[in-house]
> 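Here it is, the structure, as structure tokens.
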There are 2 protein chains.
Amino acid sequence: MATIKDVAKEAQVSIATVSRVINKSPKASQTSIEAVTLAMKKLGYRPNAAARALVNQSSQAMGVLVGDVSDPFFGAMVKAIDTVATAQGKHLLIGNGFHSAQKEREAIELLIHHRCEALVIHSKGLSNEELIEFSKEIQGMVIINRFIPEIAERCIALDNIKGSYTATEFLIKNGHKHIGYICSNHDIEDTEHRKQGYLQALKDYGLPYSENYIDYGLPNEAGGEEAMTNLLTKGLPLTAIATYNDYMAAGCLSVLDENGIHAPHDISIVGYDNTIISRYLHPKLTTMHYPIQLMAEKATLLALSLANNQLAKAETSMYVPTLVKRLSVKTLD
Amino acid sequence: MATIKDVAKEAQVSIATVSRVINKSPKASQTSIEAVTLAMKKLGYRPNAAARALVNQSSQAMGVLVGDVSDPFFGAMVKAIDTVATAQGKHLLIGNGFHSAQKEREAIELLIHHRCEALVIHSKGLSNEELIEFSKEIQGMVIINRFIPEIAERCIALDNIKGSYTATEFLIKNGHKHIGYICSNHDIEDTEHRKQGYLQALKDYGLPYSENYIDYGLPNEAGGEEAMTNLLTKGLPLTAIATYNDYMAAGCLSVLDENGIHAPHDISIVGYDNTIISRYLHPKLTTMHYPIQLMAEKATLLALSLANNQLAKAETSMYVPTLVKRLSVKTLD
DNA sequence: CTGTTAGCGCGTTCAT
DNA sequence: ATGAACGCGCTAACAG
């Protein structure tokens, strides 16, 4: 592939002149511009990003770590980040962690090797300690969807306790007294928080609660089916169920349907996350909205300004999910 | 950030020695290894990918252009590519084209600037000519989801005519005689092909066809709703509808539901793409499976071997979608 | 306005 | 086994 030197030779000028026209420096004669442009076209010249990054001491890239790009939730997150990054002239380097500590570590290191100035990291596999270490190393690193007290000003997180509390409270206020919970069996903070919110709401409203009303499964459709089946088997007098996320709610709905139990008529269901599928389920799923776009934009802006040595403004960093009422909960109208 | 030179000084050796231990060269004494390792740790040394790429004349990256990462369809595609690329020690650079010619062009150029050896390109905005030009420039470039005769051996595409034909034929074989079509209004080849397949099936089976049975909308849920509403308004004796894609089918189902028309009892619906939402719709959507993972893997392998100067093996490059029977079509059992 | 030159961080001969 | 020196492609002084 042609280099700047080849172009210089072809255009009969020095490489400095070529560099000037490439970078649209004002000090370049019209004659040079034309000659160089022609030569570049003729040779099919393409500037080498690595060489530029090296001499400019800047890769013009920002890094993102997600769990899995094929998950629509992360898709939305990446898009939001890409939009604000692009607006600032940066492009994205994306790593997948698949919730494995080792993969997350390797991905972050890759981003560091590429000298990403700003980093938006979604990590569920790494320990607080390790993330804190990374954050010390990279000034422009921001943690998203997780709260670490020691680096609170670098975290953009969601209040999952409150979210789950709100969802459960909504059921209670609509007259439900026997509310089950379909819980994830992933051992991460989110799991614990969402379960806590559910329990707290029951306690605050003086409703009975019991482990018996809770069942577990993988945080996907199959897990929801499994948990719902188990719940059904116990023959509990449930009139409503709160779930860990929309996927589990989908599995739950599916099992219910197969058993001739109709939501919301026979039982009410509330999801969590407001992912793309919630609009497509039948009945359309009432769920808690996870403002991931907003949070991702915020995280990106924060990471970028941190990378630029600007200190973090102490704004909201703990977001609160909001209820999206659709049709899966029977309400007292 | 510490450079190899700093490490050399700290470890009291030359940069050549440091380079050797970094790259695990056999000719490096145990003593050096230890000293260098220690120094690297102490200084928090991180190799600079740009410098490496420059001197090695290889970025170890491969590029991908998709329409929009937040679309689950592309999410699945990216994941498949990432999986095989990672297995070969490459990482991904991802560009979003948003179906705009200019954005697609810029994204591809970015990938070229970064010296991606292999490229998997999904483009609907650029002309055949421009893509052919790019393919001449980049030996390891492969086009996915589009067929360009001049560079057929560099294309991994789907036979949309056959797919839509199969979908329509399935309806016909189940006794339907009045079959409508919900068409995309995006002016791309896919639109035309899928419509063609529908029409051809009707002709082959001697069924009447008319523009009146076809309606248009954006290839998303809203577009499906709009088109279905229009179709309903015409008061046609339809018993089945083939659609451009699952999203339009979702909108269609939604409008039907609101009008008290139940699928598959009152009307049968068949989707296209077999995206994630098809499993969640009610009734679960019968649709054509787009083997995007398979195709993406194939495209990646092809791009990678092309980049390595290995010639393309003349294998299947035109894939055929298959029918996934779920519950949205009333069958003759 | 233009050309010469140094150096960004690293891998790699080629001596030693 | 090790180090000095060169060059990858490019930008930014600096001198003219």
Side-chain angles (χ1 to χ4, degrees), chain A residues 1-40 43-61 89 109-117 137, chain B residues 1-40 43-61 89 109-117 137:
Chain A
M1 180 153 286
T3 73
I4 198 173
K5 207 182 285 180
D6 301 322
V7 176
K9 192 177 299 175
E10 177 71 30
Q12 313 256 41
V13 296
S14 73
I15 59 171
T17 300
V18 177
S19 178
R20 288 190 190 98
V21 351
I22 291 175
N23 298 298
K24 305 197 195 307
S25 156
K27 35 185 177 178
S29 68
Q30 193 55 37
T31 329
S32 303
I33 295 181
E34 282 162 16
V36 171
T37 307
L38 193 69
M40 290 199 298
L43 299 177
Y45 171 75
R46 299 292 194 181
N48 184 316
R52 278 184 131 146
L54 189 59
V55 63
N56 287 333
Q57 297 280 60
S58 158
S59 65
Q60 294 292 76
E109 286 175 343
L110 183 74
L111 300 178
I112 295 179
H113 294 169
H114 281 269
R115 296 298 184 268
C116 291
E117 286 104 16
E137 181 175 351
Chain B
M1 179 153 286
T3 74
I4 198 173
K5 207 184 286 182
D6 301 322
V7 175
K9 193 178 298 176
E10 177 70 30
Q12 313 257 39
V13 296
S14 72
I15 60 170
T17 300
V18 177
S19 177
R20 288 189 190 100
V21 349
I22 291 174
N23 298 298
K24 305 195 194 312
S25 156
K27 37 186 175 178
S29 68
Q30 193 56 36
T31 330
S32 303
I33 294 181
E34 283 163 15
V36 170
T37 307
L38 193 68
M40 290 198 299
L43 299 177
Y45 171 75
R46 299 291 192 181
N48 183 316
R52 276 184 131 142
L54 190 57
V55 63
N56 287 332
Q57 297 282 62
S58 157
S59 66
Q60 294 292 77
E109 286 176 342
L110 184 75
L111 300 177
I112 295 179
H113 294 169
H114 280 270
R115 295 297 183 270
C116 292
E117 286 104 17
E137 180 176 353

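Order of the sequence lines sets the chain letters (A, B, ...), proteins ahead of strands, with each chain counted from 1.
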> Please round to the nearest 0.5 Å and tell me the distance separating atom CD1 of A/I22 and atom OG of A/S25.
11.5 Å

> Could you tell me whether the phosphate oxygens of D/dT11, OP1 or OP2, come under 4.0 Å of any side-chain nitrogen or oxygen in A/R52?
yes

> Please test A/R115 against B/R46 for side-chain contact (heavy atoms from CB on, under 4.5 Å), starting from the C-alpha separation and ending with a verdict.
CA-CA 9 Å; A/R115 296 298 184 268; B/R46 299 291 192 181; 3.8 Å; yes

> Would you indicate whether the side-chain heavy atoms of B/E34 and B/Q30 approach each other to under 4.5 Å?
yes

> If an axis is fit to five pairs at each end of the helix from C/dC1-D/dG16 to C/dT16-D/dA1, what is the angle between the two, to the nearest 10°?
40°

> For A/V21 and A/S32, which heavy atoms make the closest approach, and how far apart are they?
CG1-O, 4.5 Å

> Hey, could you give me the CG/CD1 distance between B/L38 and B/I33, rounded to the nearest 0.5 Å?
13.5 Å

> Distance check needed: D/dT11 P versus A/K24 NZ, whole Å only.
12 Å

> In Å, rounded to the nearest 0.5 Å, how long is the span from OG of A/S59 to NE2 of A/H113?
13.0 Å

> Provide, to the nearest angstrom, the distance between the CD1 atom belonging to A/I15 and the C1' atom belonging to D/dA13.
13 Å

> I want to confirm an ordering. Mapping A/T17 and B/V55 to their closest nucleotides on DNA chain C, which one lands closer to the 5' end?
A/T17

> What does B/T31 touch in the nucleic acid at a heavy-atom separation under 4.0 angstrom: a base, only the sugar-phosphate, or nothing?
nothing

> Base, sugar-phosphate or nothing for A/A28? Non-hydrogen atoms, less than 4.0 Å.
sugar-phosphate

> Find the distance B/K9:NZ to D/dT2:P and express it as a whole number of Å.
20 Å

> Please classify the nucleic acid contact of B/S19 as base, sugar-phosphate, or nothing, using heavy-atom distances under 4.0 Å.
base

> Starting at the 5' end of DNA chain D and moving along, which residue's nearest nucleotide shows up first, A/R46 or B/Q30?
B/Q30

> Would you compute the distance between atom OG of B/S29 and atom CZ of B/R20 and round it to the nearest 0.5 angstrom?
10.0 Å

> Roughly how far, to the nearest 0.5 Å, is the CZ atom of B/R52 from the CD1 atom of B/I4?
8.5 Å

> With respect to the side chain of B/N56, which nucleotide from D/dC8, C/dT2, C/dT12 is positioned closest?
C/dT12

> Checking all strands, does B/V13 fall into the base, sugar-phosphate, or nothing category for heavy-atom contacts under 4.0 angstrom?
sugar-phosphate

> Check nucleotides 13-16 of chain C against the protein and report each pair of N or O atoms closer than 3.5 Å, with its distance, or say if there are none.
none

> Just the rounded figure in Å: distance from P of C/dG11 to CG of B/N48.
10 Å

> Please name the pair of heavy atoms, one in B/Y45 and one in B/T3, separated by the smallest distance, quoted to 0.1 Å.
CE1-C, 3.6 Å

> Can you tell me if the side-chain N/O atoms of A/Q57 get under 4.0 Å from OP1 or OP2 in C/dG9?
yes

> In this structure, how many angstroms lie between the C1' atom of D/dG9 and the NE2 atom of B/H113, rounded?
13 Å

> I want to check one thing: is the phosphate of D/dC8, taken as OP1 and OP2, less than 4.0 Å away from some side-chain N or O of A/T3?
no

> Do the side-chain N or O atoms of B/S32 get closer than 4.0 angstrom to the phosphate oxygens (OP1, OP2) of D/dA1?
no

> Which nucleotide in the set D/dT2, D/dC10, C/dG11 lies at the smallest distance from any side-chain heavy atom of B/S14?
D/dT2

> For the pair made of CE in B/M1 and P in C/dG9, what is the distance, rounded to whole Å?
11 Å

> CG of A/D6 to CE of A/M1: how many Å apart, nearest 0.5 Å?
11.0 Å

> With the side chain of B/P47 defined as its heavy atoms from C-beta on, choose the nearest nucleotide among D/dT2, D/dG9, C/dC10.
C/dC10

> The side chain of B/Y45 is closest to which nucleotide in this list: C/dT2, D/dC8, C/dC10?
C/dC10

> Please name the pair of heavy atoms, one in A/V18 and one in A/A8, separated by the smallest distance, quoted to 0.1 Å.
CG2-CA, 3.6 Å

> How many Å lie between CD1 on B/I4 and P on C/dG7, as a whole number?
18 Å

> Just how far, in rounded Å, is P of D/dC6 from NZ of A/K5?
14 Å

> Just call it for B/I22: base, sugar-phosphate, or nothing, with non-hydrogen atoms closer than 4.0 Å on any strand.
nothing

